[in-house]
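Just so we're on the same page: letters track the sequence lines, and every chain starts at 1.
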Number of protein chains: 2
Amino acid sequence: MTVTTLHTPSHREALWELESAFDRGDLITVFGECSVEYEGRAASTLGLGNRLLVLKPDGSALVHTDEKRTPVNWQPPGSTHHAAVRDGRLRVRSERTSPDETLTVRFTAVHQLSAMGVTGGRDLEVTGSEADLRRRILEDPDLVEPGFEPTAVERDSAAGPMDVFGVDASGTAVVLELKRRRVGPSAVSQLARYVDAVAEEPDRDPDAAVRGILVAPSITDRAAELLADRGFEHVALEPPEPETPGAETKATDSAEAAEPKAETTEPEEPKAETTEPEAETLGTETASDDDEPIEADAPEPSGSASRESQQ
Amino acid sequence: MTVTTLHTPSHREALWELESAFDRGDLITVFGECSVEYEGRAASTLGLGNRLLVLKPDGSALVHTDEKRTPVNWQPPGSTHHAAVRDGRLRVRSERTSPDETLTVRFTAVHQLSAMGVTGGRDLEVTGSEADLRRRILEDPDLVEPGFEPTAVERDSAAGPMDVFGVDASGTAVVLELKRRRVGPSAVSQLARYVDAVAEEPDRDPDAAVRGILVAPSITDRAAELLADRGFEHVALEPPEPETPGAETKATDSAEAAEPKAETTEPEEPKAETTEPEAETLGTETASDDDEPIEADAPEPSGSASRESQQ
DNA sequence: CGTGCCAGGTGCCCT
DNA sequence: AGGGCACTTGGCACG
């Protein structure tokens, strides 16, 4: 692993390092006093101040202040970075086309510039998504209501694809809209669009009812009113708790199997393999990792540490 | 400006520096090989790899790979950072409550750790927002249609606040939904919610029509269909071009004046001070700042630059 | 703090 | 490339 760091470099030195770091495809951080300008989908200006600029080899650029999770300015992946010295300042510019956007960062002073080679390791596993909620429902449709039978996922309609489509015990068509968290009015509108679209499909008996069910952990009062106005229903349901890391493999596999891969078609009978309705068998945590006092005697990796503070 | 940097520190050294940097309220970057775990609103795991961890004094934490604008993992502002050495790894943990969330980053190796003092300079000026589009319409309502008269902004309805509410030349109620960019079906649904809500207000003549107009630069085909189904209209309009930086002050002031500050009430007559309808007088750019070849002779700031590369 | 909504949203997947 | 939508959306403003 290679890290190159310049402390309070001249603009020209910073420029050289930036250009070679661009060539190497390094991840770059620049900390210094700068002003920022953006022009593209919108336009913005930011006065002088100390910020952290991150330049990624995929073309992303981030300008971070000491606050917020969101960068104060940025450039999306696919942009190309350029560096130059202009008017006694180090100018870093990131541009892209379609849409045309330009981010310009002008440094009056660079306090630190680092370039590091970064590779791989981006495979993130997430649980608790809407897809997990859908799996849960497909595994056990009775969670929605007794006798509910899903017939398709992502079935297309004139208003867009529906999360889950099916029939209730009496054979009435049912549209499900799934949300992984508490929802407001927009979710009701979304459901309404789909229900209306299905109701108006030409090959459908115009008198046949179409039910709409919003599946979400909870809904706001306003959403509940709108839901009632339209005669829709709410079923309180959340994504399943994440499985215990050790035992998750089997459960995930069975869930995958229950997921109908073919879209707009009938899902196979939910294979009742792992027939524990909600087996929340927690408690297999590694005891060594709970939160204890900060200091701990631990072996240290060999490595000559150097420390410098400037000014 | 102070920057403290450790190169390939031992975990214990990194720990010390982290704790003092927390105390100082510094912005911290840690580059190293780590695995990441998140549990809270959802849950996720990320295997070993080289990443950049940014810890902000406001509690934000960002884990960045070499790709994407969005961090692969993060913690929102308001969290509290902790550091410890556990099982021979440097563990950085960021926690918050309501909702309960924990981000855990475990470093097997720290390549670089930097701490920098950052203050102020977060005043971003943006133009081209929906608010700008609204100003534009309030300044010249005829842009929507001849004779249109706005009577309120953000007027509340049973379905939520409407962007602009008014009457057309014939006295019919009009609901405007503004979008700064091309829109899809959801914008139509949003407009529909407001129109329906207004139409059903008890003090209103049930036979009186309520028009709905979607003001956006453009709309998708599907949105156009849904719009037509509901008998709504689309007016193609964008946020105004950003003013020339030098001349913007006066224009901005007049625009601010035209903005009705009191909500749910009648806006004062648009003061026709700067009565150029669309004075796109571009062309006052500083010629010194266009894109020219990279190298340029420029004065360099004094400052002893040091450069180190590791391994 | 919850509710509602804009955002330069970003990212993913599909056509 | 554009459409449609989920997201640990984030952030803001208002009740």
Side-chain angles (χ1 to χ4, degrees), chain A residues 38-44 60 67-78 96-103 124 126-134 154 156-157 159-163 177-187 190 193-194 218-223 239 242 263, chain B residues 38-44 60-61 67-79 96 98-103 124 126-134 154 156-157 159-163 177-187 190 193-194 218-223 239 242 263-264:
Chain A
Y38 161 77
E39 173 121 28
R41 287 169 289 174
S44 74
S60 313
E67 284 188 341
K68 301 294 153 62
R69 202 215 66 148
T70 305
V72 63
N73 273 121
W74 69 91
Q75 196 67 249
R96 75 159 178 170
T97 55
S98 64
D100 279 355
E101 311 187 86
T102 305
L103 178 75
L124 182 72
V126 199
T127 61
S129 63
E130 181 184 300
D132 292 320
L133 174 58
R134 187 174 70 186
E154 302 292 333
D156 208 15
S157 79
M162 297 172 282
D163 285 338
E177 175 59 33
L178 313 185
K179 294 294 173 191
R180 65 174 299 281
R181 64 171 195 173
R182 181 176 178 87
V183 294
S186 66
Q190 199 180 348
R193 288 207 317 267
Y194 300 146
S218 61
I219 66 176
T220 66
D221 290 350
R222 192 110 77 177
E263 309 198 339
Chain B
Y38 161 77
E39 173 122 29
R41 288 169 289 175
S44 75
S60 313
E67 285 188 341
K68 301 293 156 60
R69 201 214 68 146
T70 305
V72 62
N73 274 120
W74 70 90
Q75 195 69 251
S79 313
R96 74 159 178 170
S98 65
D100 279 356
E101 304 187 274
T102 306
L103 178 74
L124 182 72
V126 202
T127 61
S129 63
E130 182 184 298
D132 292 320
L133 175 57
R134 188 176 66 187
E154 301 292 333
D156 208 16
S157 79
M162 295 172 284
D163 285 339
E177 175 59 33
L178 314 185
K179 293 294 172 191
R180 65 173 300 279
R181 61 166 204 173
R182 181 177 178 86
V183 295
S186 65
Q190 199 180 349
R193 288 208 314 269
Y194 300 145
S218 62
I219 65 176
T220 67
D221 291 350
R222 192 110 76 178
E263 309 198 339
T264 342

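- Taking atom CD of residue A/E154 and atom C1' of nucleotide C/dC13, one finds them 10 Å apart after rounding to whole Å.
- Contacts of A/P99 with the nucleic acid, taken as non-hydrogen atoms under 4.0 Å apart, are absent.
- Looking at heavy atoms from C-beta onward, A/S44 lies in side-chain contact with A/N73 at the 4.5 angstrom threshold.
- A side-chain donor from one of A/R182 and A/S218 sits under 3.5 Å from a side-chain acceptor of the other.
- Side-chain atoms of B/R180 come within 3.5 Å of backbone N or O of B/G128 as a donor-acceptor pair.
- In this structure, B/K68 reaches the C/dC12 phosphate: one of its side-chain N or O atoms is under 4.0 Å from OP1 or OP2.
- Note on A/P77: only backbone sugar-phosphate atoms sit closer than 4.0 angstrom, heavy atoms only; bases stay farther off.
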I need a per-nucleotide contact map over nucleotides 2-9 of chain C, read 5' to 3'. Cutoff is protein heavy atoms under 4.0 Å; write B for the base, S for backbone only, - otherwise.
-SSSSSBS
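- Closest approach of B/S157 and B/Y194 over heavy atoms only: OG-CD2, 3.9 Å.
- Taking the P atom of each, C/dG4 and C/dG8 are spaced 23 Å apart, rounded to whole Å.
- Taking the C1' atoms as reference points, D/dG10 lies 14 Å from D/dA6, given to the whole Å.
- Closest of all the heavy-atom pairs between B/Y38 and B/L103 is CB-CD1, 4.1 Å.
- When the P atom of C/dT15 is taken as reference, atom CG of A/D156 falls 9 Å away, rounded to whole Å.
- Residues that satisfy the side chain to side chain contact (heavy atoms under 4.5 Å, CB included) test with B/P161, not counting sequence neighbours, are B/E154, B/D156.
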